[in-house]
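Notes follow the structure.
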There are 2 protein chains.
Amino acid sequence: MNWRDMPEMDEAADQIQGPATGLRQAGNGLLLVDLYELSMLEAFWANSMAGTAVFEFFVRKLPSSRGFLVAAGLEQLLDFLSGLRFSDVELAYLRESGHFGVRFVDSLAELRFTGDVDAMAEGTPFFADEPIVRVVAPLPQAQLIESRLINLLHFQTVIASKAARLVLAAPGIPLIDFGLRRAHGAEAGLLATRASYLAGFAGTATLLAEPTFGIPVFGTMAHSFIQAHDDESTAFERFARVRPDRLTLLIDTFNTEIAAQKVVQLAPRLQAAGIAIAAVRLDSGDLVEHARKVRRILDEGNLSSVSILASGGIDEDQLQRFIREKAPIDSCGIGTSLTTAPDAPSLDCAYKLQEYAGRPRLKRSEGKATWPGRKQIFRRYDADGIMIGDTVALESDRVPGEPLLQPVMRSGRRLSGPSSLVETRSYAAASVKRLPADLRRLESAAYPVEIDPRLKKLAASL
Amino acid sequence: MNWRDMPEMDEAADQIQGPATGLRQAGNGLLLVDLYELSMLEAFWANSMAGTAVFEFFVRKLPSSRGFLVAAGLEQLLDFLSGLRFSDVELAYLRESGHFGVRFVDSLAELRFTGDVDAMAEGTPFFADEPIVRVVAPLPQAQLIESRLINLLHFQTVIASKAARLVLAAPGIPLIDFGLRRAHGAEAGLLATRASYLAGFAGTATLLAEPTFGIPVFGTMAHSFIQAHDDESTAFERFARVRPDRLTLLIDTFNTEIAAQKVVQLAPRLQAAGIAIAAVRLDSGDLVEHARKVRRILDEGNLSSVSILASGGIDEDQLQRFIREKAPIDSCGIGTSLTTAPDAPSLDCAYKLQEYAGRPRLKRSEGKATWPGRKQIFRRYDADGIMIGDTVALESDRVPGEPLLQPVMRSGRRLSGPSSLVETRSYAAASVKRLPADLRRLESAAYPVEIDPRLKKLAASL
């Protein structure tokens, strides 16, 4: 069910909000910046430095546990840029804060984002040194957005990249995001639903993802539901009668196999009431072993149509084991290992000035040097459409291959409406299929990314 | 400057918000739940199960990289509970969604949190198996809050625990949070400022932390500021003249030592204009080596009052090295290693039903069994006030030691107003000082936590 198709609900979703938690709407405001952004803006303002700046966002080096990354977060970035302005309350705060001159703060009232953005489509695999977003705008605008731009692109890229690996590890097993509770805050929980769905997850347990992004939501029950009853069978039956749709019973609260037998005993009575058990959920112990035993109990109990959902600390290694050992696991809930991406919870990424006032700019800090100028990535494929190599070059130089950065915003206006998440998801799936086989197998392998000789020459000349 | 002391600004801060980013106010609404919470609530409602439930939040097992944790996030939890209600728009959405019966959704309109909360004070060190929050409320209320309760307590505890380690690693070196950009979303960035300040950080670079929490904010400049000028000295001077307060110059854009010499050359001219350089910032390369060379250049240039701020991938190991090698580093900016806590980005925590309708409840899932009943932690100290051991016992049993869980909410009302973050920070510092010396040295050491024999007996009897 996609709520975007229901105009009245889409509008309602826009207003979904509730009581204050003591947190302001952090992500929406322009005070969610590093103080230094505004310090620099004041110096730019005082020196009339408003020439055109070119910034690019890229990852310096892949984490050792990643053979490729998946670009994500562009949609939220474009939303942020489209609505960028200081509110009256924020301006009042800045004036009173004592950090800035009043005339400078007054000048911020008119600030909007009027620049251009070129970007790699969300769902595209990418590698170190490849810019995924390029911003061309008057220097103060391009600088001001740094903190939130990185914050938005970094997190969703972390999660989409992790999700793509999980999906590759478990061909044919639908994966569901169970990770809200251990995500780092509310926004992380919500954006992780999007980034993981984009990268091939089947859906999420987080209800808000449905009205916000149209993502399918799934739910079972918690151990507390079973524990609140004096008897496990009673808990199953009560839940079944009230919540018969896609009915999934959690069977590991006391003893998994005994609970599976209770499910078998309960099934005919439910069936008489027109209720079918869709699945049972395992959440602890050796999931492969339990799945085998439970499968046998269900099959012998005439419940071969009941599927098995596994959850509880599942990561890529475990998913590969499920496949290798042909465990009778039909779907998985993935929580913490998705939403905190513990093997690569951050990326060594940066948003760097590459050109100002028509001149390429270089940074030479040790271990953090950048390639100057406006760049493009050209991707080459073999006859079967499999990726064989990328070249990072100056945009102005022609190089064989498909140019990955495409215009998405001009003069502060988006070139198209909000993207369809379902289409982005299809594109991501198709793109991941074009990765070299060793990367798809999650083996450590280096994908060839060349720096064009003309770009090297420019860097050397600066 | 603490904005809480300025009534008009506190009110303004309440309204700080800006343009939509396409994200709803995720954390504030009651749709940011796992779907299963509402599924269970519907089953409870249909079966009139509204007896008193006791849930406790605890960590099952410490990460291998943590000898202790620091409790945090209670303040935001209490805010969330105080304002808990479904908005009309949320109710309309639930009705239309097709997931629930209309009469059940209607019943949610009246739902408020009317329960009791006992909790460990924020800033208290704690260990595995020790509940830090206990909720006693009608079953549906206590169940509904599960997802967000864990989301709030888990994240701030992750960050406060990491921050406490960083602070212990660097006695005498003020640490500043630089981690907004790589935090997992907006809320994580903002709440990390609070959790780290609470645990001893000196402040943050994130401006929004000042109006929201009264946390001191600090800022320098980015490499882009230098790069946007044709000449590094010009960049320094322009910045200095516009932003003379606590002036910190970033000196690693091209060559750190050459830039330090430029600072020496610039200083007299600035001094003539009444501008003092407060610090220089190093952000790349071998920070110890650069700090030594830069210190010498500054001292020889008559700038011994200029301090050195280091940043760039700093974690506990590097801080300990700075201390061990007596590096002339006066303060540090800590980014990614604080806000993503890569060595322990999540905790194996749970919010579990321990009692319902007057009967203790047990969960026996393999590796995830819980201790039943309402519990209390009793902490014992030696004559010097150093912690020597904790006992987890039933609340009703008397055990020697200080009881750590204290009443903070009764019948849905907070027992005191919002806590002072400065006081919480002092309490946290005093509490961390009482940890055994080996834990304070960040050595791997087990702190003795006993389970009271009467609690073991109860668990065995269920």
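Numbers restart at 1 for each chain; the letters A, B, ... are given by sequence-line order, proteins then strands. All values below come from the heavy atoms of this structure, side chains included, with hydrogens, waters and symmetry mates left out.
Proximity to chain B involves both the backbone and the side chain of A:K363, based on heavy atoms less than 4.5 angstrom apart. For B:E37, the part lying under 4.5 angstrom from a heavy atom of chain A is the side chain only. Only the side chain of A:T336 comes within contact range of chain B, with heavy atoms under 4.5 Å apart. Contacts between A:D245 and chain B at a heavy-atom distance below 4.5 Å are absent for every atom of the residue. Within the 4.5 angstrom heavy-atom criterion, only side-chain atoms of A:Q143, from C-beta onward, approach chain B. Within the 4.5 angstrom heavy-atom criterion, no atom of A:R194 approaches chain B. For A:D88, no part sits under 4.5 Å from any heavy atom of chain B, backbone or side chain. With a 4.5 angstrom heavy-atom cutoff, A:L38 touches chain B only via side-chain atoms. In this structure, chain A has no heavy atom under 4.5 Å from any part of B:D343. Looking at B:L362, only its backbone comes within 4.5 Å of chain A, counting heavy atoms on both sides. For a residue to count as touching a neighbouring chain, one of its non-hydrogen atoms must lie under 4.5 Å from one of that chain's; by this rule A:L180 touches chain B with backbone and side chain alike. If you measure heavy-atom distances from A:F100 to chain B, the contacts under 4.5 Å come from both the backbone and the side chain. Interface remark: A:R361 contributes backbone and side-chain atoms alike to the contact with chain B (heavy atom separation under 4.5 Å). Proximity to chain B (any heavy atom under 4.5 Å) is restricted, for A:Y356, to the side chain, taken from C-beta onward. If you measure heavy-atom distances from A:N255 to chain B, you find no contacts under 4.5 Å at all. In this structure, chain A has a heavy atom under 4.5 Å from the side chain of B:F155, while its backbone stays farther away. In this structure, no portion of A:L149 lies under 4.5 Å from any heavy atom of chain B. With a 4.5 angstrom heavy-atom cutoff, A:S82 does not touch chain B via any of its atoms.
Ranked by heavy-atom pairs shorter than 4.5 Å toward chain A, the options B:G189, B:C349, B:A188 are led by B:C349. When B:T340, B:T339, B:T253 are compared by the number of non-hydrogen pairs under 4.5 Å with chain A, B:T253 comes out ahead. Counting heavy-atom pairs under 4.5 Å between each of B:P342, B:S39, B:P345 and chain A puts B:S39 at the top. Comparing B:V217, B:V33, B:T206 by heavy-atom pairs within less than 4.5 Å of chain A, the highest count is held by B:V33. Between chain A and the residues B:M40, B:R241, B:E42, the largest count of heavy-atom pairs under 4.5 Å involves B:M40.
Closest of all the heavy-atom pairs between B:N151 and A:A183 is ND2-O, 3.4 Å. Between B:R359 and A:D230, the closest heavy-atom pair is NH1-OD1, 2.9 Å. For the residue pair B:A186 and A:R148, the shortest heavy atom distance occurs at CB-NH1, 3.4 Å. Taking each heavy atom of B:P211 and A:Y93 in turn, the nearest pair found is CD-OH, 3.2 Å. Nearest approach of A:A46 to B:V242, heavy atoms of both residues: CB-CG2, 3.4 Å. Contact between A:L139 and B:A228 at its shortest, heavy atoms only, is CD2-CB, 3.9 Å.
Side-chain atoms of B:L94 and A:L207, non-hydrogen and from C-beta on, do get closer than 4.5 Å to each other. Within the 4.5 Å cutoff, the side chain of B:L31 has no heavy atoms near those of the A:E210 side chain. In this structure, the side chains of B:H223 and A:K352 come closer than 4.5 Å at one or more pairs of heavy atoms. Within the 4.5 Å cutoff, side-chain heavy atoms of B:R181 are placed close to those of A:E146.
The ring pair (Phe, Tyr, Trp, His ring centres under 6.0 Å) search around B:F225 returns A:F44, B:H229, B:F239, not counting sequence neighbours. When the side-chain hydrogen bond (donor to acceptor under 3.5 Å, both in side chains) test is applied to A:T220, the partners found at least two apart in sequence or on another chain are A:R281.
To the nearest 0.5 Å, atoms NE2 (A:H99) and CZ (B:R243) are separated by 8.5 Å. To the nearest 0.5 Å, atoms CZ (A:R364) and CZ (B:F254) are separated by 6.5 Å. Note that CG of A:L191 is 11.0 Å distant from CD of B:E187, once rounded to the nearest 0.5 Å. To the nearest 0.5 Å, atom NE2 of residue A:H184 and atom CD1 of residue B:I159 are 6.0 Å apart. Here the straight-line distance linking atom CD1 of A:I226 with atom CG of B:L353 works out to 11.5 Å at 0.5 Å rounding. For the atom pair A:S147 OG and B:L208 CG, the distance stands at 11.5 Å (nearest 0.5 Å).
The closest side-chain donor-acceptor pair between A:R182 and B:S346, if any, does not fall under 3.5 angstrom.
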